[in-house]
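For the single chain, residues carry numbers from 1 onward in sequence order. Order of listing sets the numbers, starting from 1, for every ligand and every atom in it. Heavy atoms only: backbone and side chains are in, while hydrogens, waters and symmetry mates are out.
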Amino acid sequence: MQEWPTGVGRNVLASVDSTMSEAARVAASGVFPQWILAHEQTAAHGRRGRAWQMPAGNFAATYLMYPNEPPDRIALRSFVAALALYDAFVAVAGRPDPFSLKWPNDVLLNGGKVAGILLERGSSHLAIGIGVNLLQAPRVDQLEAEATAPVSLVDGTGVRVSPEEFLDLLAPSYAAHEATFVTYGFGPIRSAWLNRAARLGQPVRARTMTAEHHGTFETVDEAGNLVLKTPQGTLSIPAAEVYF
Ligand SMILES: O=C(O)CCCC[C@@H]1SC[C@@H]2NC(=O)N[C@@H]21
């Protein structure tokens with residue numbers, strides 16, 4: 001197993017409202033990067049303000065960091081985190097083939113959602129929240145009708161791992177991809193992400209705040225946008241929900 005990254009804190013909580021909220025509180029006084037792991041969250045949230053269900057035994061953590069960069073570059077950390085998660089899953093499962101990455105921020109296992117990523121920025125900090133269905137998939141009746149079906153790592157692979165064990169794989173993996181990003185920029189992160197992408201070259205639907213677009217998932221561009229080839233032309237979409 002890789003070593004825990006030097007200079008990165010490891011803070012394990014029995015219970016908290018949300019590791020995102022905890023990160024925001026800690027950020028006010030903190031100056032060093034750290035992982036905040038919670039065994040229970042009482043008010044977890046996902047993207048677009050949705051509630052995030054966290055059945056017992058699942059993984060919930062936030063990586064708190066202080067990047068001094070323009071907002072557009074900071075936002076690319078979601079791809080860095082996705083690659084780190086992918087590597088942690090492959091290390092746990094011992095094989096890469098059931099895993100893929102769904103734009104913008106999900107990890108799929110056998111086509112079902114096994115993990116989600118949420119980025120939140122403060123005045124000086126970035127919080128990267130990661131939720132993983134290690135043991136249990138959330139109930140589908142509490143999800144949006146069209147949401148990608150959730151799956152758990154145990155159901156999809158038969159592998160059972162504790163949140164702490166998963167964190168000990170994820171933290172070094174994140175540090176390695178972060179170093180690549182800082183040193184070489186988004187290029188290698190983008191290439192690696194595309195190599196693991198779900199539905200690349202295939203038809204997808206992208207729903208933005210104002211419209212739904214049908215087209216072929218061409219690529220992810222240098223700014224992290226979804227590039228969709230539609231009958232009306234090629235679109236570069238910065239934010240959307242994608243449906244297969
Ligand atoms: O797919 C999504 O919508 C993103 C889900 C992110 C959930 C994680 S769990 C740890 C952290 N704490 C939260 O309240 N949310 C994130």
Side-chain angles (χ1 to χ4, degrees), residues 9-27 33-65 75 77-86 88-89 99-109 111-122 125-140 142-153 161-164 166-167 169-171 174 193 198 206-209 224 226 239-244:
R10 187 178 188 279
N11 187 2
V12 177
L13 306 171
S15 179
V16 73
D17 48 359
S18 155
T19 56
M20 302 307 278
S21 310
E22 179 66 11
R25 290 187 287 267
V26 169
Q34 61 187 279
W35 283 93
I36 301 168
L37 173 81
H39 287 282
E40 179 191 60
Q41 295 184 108
T42 55
H45 57 275
R47 291 198 300 277
R48 297 176 182 244
R50 296 188 191 108
W52 177 260
Q53 300 173 56
M54 189 192 163
N58 282 358
F59 177 89
T62 294
Y63 183 57
L64 169 62
M65 64 185 302
R77 290 299 190 309
S78 67
F79 295 92
V80 178
L83 287 179
L85 258 177
Y86 181 95
F89 280 123
F99 300 101
S100 58
L101 301 178
K102 177 172 180 274
W103 188 93
N105 282 349
D106 294 334
V107 183
L108 305 183
L109 165 58
K113 177 166 172 170
V114 69
I117 300 166
L118 169 70
L119 262 53
E120 290 178 354
R121 272 204 314 268
H125 77 273
L126 171 68
I128 305 174
I130 296 177
V132 181
N133 304 327
L134 287 181
L135 262 194
Q136 300 181 60
R139 288 173 39 189
V140 282
Q142 292 175 16
L143 299 174
E144 248 182 22
E146 290 180 288
T148 306
V151 295
S152 75
L153 184 69
V161 64
S162 73
E164 272 108 335
F166 194 77
L167 180 62
L169 290 166
L170 181 61
Y174 184 87
W193 193 97
R207 188 178 298 157
T208 67
M209 298 298 265
L226 174 79
E241 283 297 315
V242 170
Y243 303 97
F244 295 159

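Residue-ligand proximity: N105 is placed with every non-hydrogen atom at 4.0 Å or more from ligand 1. Assignment of R48 to the shell around ligand 1 is not supported, since no heavy atom sits closer than 4.0 Å. Remark: distances from the non-hydrogen atoms of R50 to ligand 1 are all 4.0 Å or more.
Taking 4.5 Å as the limit, every side-chain heavy atom of V107 sits out of range of all side-chain heavy atoms of K102. Taking 4.5 Å as the limit, every side-chain heavy atom of R25 sits out of range of all side-chain heavy atoms of I36. Residues N105 and L118 form no side-chain contact, since every pair of their non-hydrogen atoms from C-beta on lies 4.5 Å or further apart.
Ranking protein heavy atoms by distance to atom 15 (N) of ligand 1, first place goes to H45 O, 2.7 Å. The protein heavy atom nearest to atom 3 (O) of ligand 1 is R47 N, 2.7 Å.
Residue I117 has at least one heavy-atom neighbour below 4.0 Å for each of these atoms of ligand 1: 4 (C). Taking a cut-off of under 4.0 Å to the non-hydrogen atoms of T19, the atoms of ligand 1 that pass are 10 (C), 11 (C), 12 (N). Interface of W52 with ligand 1, defined as ligand atoms under 4.0 Å from a residue heavy atom, comprises 1 (O), 2 (C), 5 (C), 7 (C), 9 (S). Set against the non-hydrogen atoms of A44, the atoms of ligand 1 under 4.0 Å away are 14 (O). Ligand-side atoms of ligand 1 in range of D106: 1 (O), range being under 4.0 angstrom from any heavy atom. Those atoms of ligand 1 with a heavy atom of S18 less than 4.0 angstrom away are 12 (N), 13 (C), 14 (O). Of all atoms in ligand 1, listed by their number and element, those nearer than 4.0 Å to a heavy atom of K113 are 1 (O), 2 (C).
The shortest N/O to N/O separation between Q41 and ligand 1 falls below 3.5 Å.
Listed for the D17 side chain is no donor-acceptor partner under 3.5 Å among the backbone atoms of A43. In terms of modelled atom types and a separation under 3.5 Å, the side chain of Q136 and the main chain of G57 share no donor-acceptor contact.
The two atoms that bring R207 and E146 nearest to each other are NH2-OE1, 2.6 Å, heavy atoms only. Nearest heavy-atom pair across I117 and S78 is CD1-O, 3.9 Å. For the pair S18 and A44, the tightest heavy-atom approach, listed with the atom from each and the gap, is CB-CA, 4.2 Å.
W193 and F79 have perpendicular rings, their planes meeting at more than 60° on a 0 to 90° scale where under 30° would count as parallel.
Contacts between A61 and ligand 1, counted as non-hydrogen atom pairs separated by less than 4.0 Å, involve the backbone only.
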